[in-house]
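Report on the structure given below.
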There are 4 protein chains.
Amino acid sequence: MPKIVDSEEYRKELLHRCFNLFAESGYASVTTRQISKALGISTGAMYHYFASKQVLFEQLVEEISWQDVYLFKSIAEGGTLTERIERLGCMLVQHEEHFVKQAVIWTDFYQHTAVTEINSNPIFQQIDRRYQQMMEELLNLSDPKLARFVWTLINGILIEQIERENSFSFAQQIHLFTKMLIAYCEKYCI
Amino acid sequence: MPKIVDSEEYRKELLHRCFNLFAESGYASVTTRQISKALGISTGAMYHYFASKQVLFEQLVEEISWQDVYLFKSIAEGGTLTERIERLGCMLVQHEEHFVKQAVIWTDFYQHTAVTEINSNPIFQQIDRRYQQMMEELLNLSDPKLARFVWTLINGILIEQIERENSFSFAQQIHLFTKMLIAYCEKYCI
Amino acid sequence: MPKIVDSEEYRKELLHRCFNLFAESGYASVTTRQISKALGISTGAMYHYFASKQVLFEQLVEEISWQDVYLFKSIAEGGTLTERIERLGCMLVQHEEHFVKQAVIWTDFYQHTAVTEINSNPIFQQIDRRYQQMMEELLNLSDPKLARFVWTLINGILIEQIERENSFSFAQQIHLFTKMLIAYCEKYCI
Amino acid sequence: MPKIVDSEEYRKELLHRCFNLFAESGYASVTTRQISKALGISTGAMYHYFASKQVLFEQLVEEISWQDVYLFKSIAEGGTLTERIERLGCMLVQHEEHFVKQAVIWTDFYQHTAVTEINSNPIFQQIDRRYQQMMEELLNLSDPKLARFVWTLINGILIEQIERENSFSFAQQIHLFTKMLIAYCEKYCI
DNA sequence: AATGAATGAGGTTTCATTCAT
DNA sequence: TATGAATGAAACCTCATTCAT
């Protein structure tokens, strides 16, 4: 009988354990030894769960996107547009660290993966659609492009936080962005 | 004396030649052989001009920032706030490829370089201040933080373009951003 | 008591199950995982029956040699020299696949095992003598060296068949060899 | 200017230097570290000359076949069939070590390489034809299959010599084979 | 007896950098 | 200056073997 009861659960647990590593150094700079050390297992065990470093990274990216789904679902329901925008900003600030790292990993992933590969991989297409949908549902805007665009701008704010000592805090930046977005909506969406 | 100037010119020319490479694969994924091939010289010659891969990359980052100075200077003078914002958007669209790659390289650079190192290096502190100043001069806003924040959001749009096949073009996104910014300014900056 | 017999039987059954694997890829290229998969048991179970990959291989080599004993015994009795030679050829053709693989495994075994180790191991010395004896009994020649030599040449024909698409079939080659051997015997042994 | 003047010549020199290693342990058992040590160069330098271990081995196999071409050419001309057969035997004995190792390497190569790959590789098809042709030219027999078959049997004798302490020397075996072949030819080829 | 997850030494290969020419 | 062969540490990955269950 195997030692690990729920191997699938354990695999996900491992993905979470190496989230920081990839966020802090980037795919190419992280070594498999660093990863296995961060995971607290041997390199051999690592390759038991993940066929390669590339596959591990891809699964990490997918796993993160699921985490986000739950976070976004938690703030999806009800309220006016202004309220929903403020709720989004609030959640981002609450999970600042997670979202900053997530943004870094996505950027890294997109840079390191050929367009053709991303477009031909149904999983990543699905993830892309999932984010699009989450933003649409949350903001409930008439223009789906605007929903995506909001996420694009937020990504810019998140990327700005990388290892930087900012005098202008993330919370302040999100607050400013919220105001900007509401100003735009008041002028154009009503 | 002229010899030195030429050599310096040549060094800059070399930096420009490997701009694409770093933008497309990222610092850690690019090999020195790839670099020297892109430069059209031998690895030995490469090490004659640059002490290490790291130094080459740092000089590239610095060189790019100078290019940006010239681009921003070209649109700095005169006009109302709305006009200046629109001039900025126009220039970004005109040099889309350059600015996207530049954004990618900067993000890569920040991720790979320890905060302490950046903060202790006067060159990078200077570059940082330069961007801040360029945005301030261009937008001529009362709040310097807002100026920086505009650049932060633009960075988000630029990063979004990496190797992606977007149905929502860069020009359209910049246009939308311009409208958003103007809406905010009208409401808060008068 | 019967338990032990069964276990022994099972061990031999396992050896037969990985015969093809070693013949097709060679000792060093076959992994223990491939072996245990071919055996239809877990690696743990495999190590229960065989102390190591090396030991498994050695026991396989020994087991094969016993199979050959039975095959040779079946054609040992009676007839003229010519008849016995033809009977040998006939049997080789009948069991072509077995003998080709066996030859490959033996060659592999000899190459991977130090001379000193073979010479110091009574089992392998015994196997060697057994083949010598089988050929001597079968051909019933005055010269024991000639008997061994016949086997040497047959080995050459067997090795030639490895994974090759031959226009000159094994049966034809054995037939030609038979004629050659008889021609020699007619000239020198009578 | 490169250090090694004739890089091609040096590559061949390297191939000769690792001939023994492959002959003694077999492709899969030899490590690249062992190879580079035997070559007297670093692993990096080894990969400068050969794209992979597989490629190195393939080139070794090809290089050996060229050596054989020269050896066979040196004994190809003139004489009766009997004389030519005896000349062949003489040459094999003279270069015993070379031919034994060559036979081992070929056997190893054939075992480790998929049939499809060999058949689709024009170089190895050419090598195969070359050996066929060499034997045909040398023996000048009416039947080309017989020529190839002679080489097949010789291969058996060569394989027999691997690391074995034989009371029946290689020279004696070749002598016996020569007599056998002549007896056959006298009876069937006139 | 049996399982298969876990180990870690060691395999092949890469790559920043050096150095003889 | 310029070349590119050479280095060797370290990268990713494999595999014989062990061991908790």
Side-chain angles (χ1 to χ4, degrees), chain A residues 1-5 7 10-11 28-37 39-56, chain B residues 3 6-7 10 27-37 39-57, chain C residues 3 6-7 10 27-37 39-57, chain D residues 1-5 7 10-11 28-37 39-56:
Chain A
M1 223 174 265
K3 218 183 279 180
I4 302 302
V5 178
S7 163
Y10 187 54
R11 225 199 65 245
S29 295
V30 169
T31 72
T32 49
R33 275 203 255 264
Q34 282 179 294
I35 297 171
S36 60
K37 199 176 172 186
L39 296 182
I41 59 176
S42 66
T43 57
M46 191 187 107
Y47 278 87
H48 179 74
Y49 289 99
F50 308 99
S52 67
K53 185 186 170 186
Q54 173 74 28
V55 164
L56 165 60
Chain B
K3 273 268 171 188
D6 280 352
S7 166
Y10 187 53
Y27 177 76
S29 293
V30 169
T31 69
T32 48
R33 265 193 250 227
Q34 283 178 292
I35 297 170
S36 61
K37 198 179 170 184
L39 297 184
I41 58 174
S42 67
T43 54
M46 193 187 103
Y47 274 84
H48 177 74
Y49 289 102
F50 308 99
S52 70
K53 186 186 170 186
Q54 175 72 29
V55 163
L56 166 61
F57 187 58
Chain C
K3 273 270 173 189
D6 280 352
S7 166
Y10 186 53
Y27 177 76
S29 294
V30 169
T31 70
T32 49
R33 265 193 250 225
Q34 282 178 294
I35 297 170
S36 62
K37 196 178 173 187
L39 297 182
I41 59 176
S42 67
T43 56
M46 192 187 103
Y47 274 84
H48 177 75
Y49 289 102
F50 308 99
S52 70
K53 186 186 170 187
Q54 176 71 29
V55 164
L56 166 60
F57 188 57
Chain D
M1 221 176 266
K3 220 184 279 181
I4 301 302
V5 177
S7 163
Y10 187 55
R11 225 199 66 243
S29 294
V30 169
T31 72
T32 49
R33 279 201 252 264
Q34 283 178 293
I35 296 170
S36 60
K37 198 176 172 186
L39 296 182
I41 58 175
S42 67
T43 56
M46 191 187 107
Y47 276 85
H48 179 74
Y49 289 100
F50 309 99
S52 69
K53 185 185 171 186
Q54 174 74 28
V55 164
L56 165 60

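Chain letters run A, B, ... following the sequence lines, proteins first and then strands; every chain starts at 1. Note that this is a predicted model, so its numbers are computed, not measured.
Not counting sequence neighbours, the partners of S42(A) by the side-chain contact (heavy atoms from CB on, under 4.5 Å) test are A45(A). Shown here are the side-chain contact (heavy atoms from CB on, under 4.5 Å) partners of R11(A), two or more places apart in sequence or in another chain: E8(A), L15(A), Y49(A), F50(A), Q59(A). Checked against side-chain contact (heavy atoms from CB on, under 4.5 Å), Y47(B) has the following partners two or more places apart in sequence or in another chain: T32(B). For Q54(A), the side-chain contact (heavy atoms from CB on, under 4.5 Å) criterion is met by Y27(A), S52(A), E58(A), E117(A), not counting sequence neighbours.
Annotation for K53(D) and V30(D): closest pair NZ-O, 2.7 Å, computed over non-hydrogen atoms.
The OG1 atom of T43(A) lies 13.5 Å from the NE2 atom of H48(A); values are rounded to the nearest 0.5 Å. Distance check: L56(B) CG to L39(B) CG gives 7.0 Å after rounding to the nearest 0.5 Å.
For the pair Y49(C) and dA2(E), the criterion of a side-chain N or O lying under 4.0 Å from OP1 or OP2 is met.
If you measure from atom CD1 of I35(B) to atom P of dG4(F), you get 17 Å, rounded to the nearest angstrom. Rounded to an integer number of Å, the gap from NZ of K37(C) to C1' of dA16(F) is 18 Å. Distance CD (Q54(D)) to P (dT12(E)): 12 Å, rounded to an integer number of Å. At whole-Å resolution of the value, CG in L39(D) and C1' in dT7(F) are 15 Å apart. Taking atom CD of residue Q34(D) and atom P of nucleotide dT12(E), one finds them 8 Å apart after rounding to whole Å. Computed from coordinates, the F50(A) CZ to dA5(E) P distance equals 13 Å when rounded to whole Å. The interatomic distance linking K53(A) (NZ) with dT12(E) (P) rounds to 21 Å, in whole Å.
Among the protein residues, V55(B) comes within range of no part of the nucleic acid, since none of its heavy atoms lies under 4.0 Å from any strand. Among the atoms of the strands shown, base atoms are found under 4.0 Å from some heavy atom of T32(B).
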Parsed dot-bracket for DNA chain F after applying the Watson-Crick and G-U rules with both distances under 3.5 Å and | for other-strand partners is .||||||||||||||||||||
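Annotation: of the two residues near DNA chain E, S52(D) and A51(B), the 5′-most nearest-nucleotide partner is S52(D). DNA chain E is contacted by both R33(B) and T31(D); T31(D) maps to the nucleotide lying nearer its 5′ end (nearest heavy atom per residue).
Within residues 40-48 of chain A, the residues having any heavy atom under 4.0 Å from DNA chain E are, by residue number, I41(A), S42(A), T43(A), G44(A), A45(A), H48(A).
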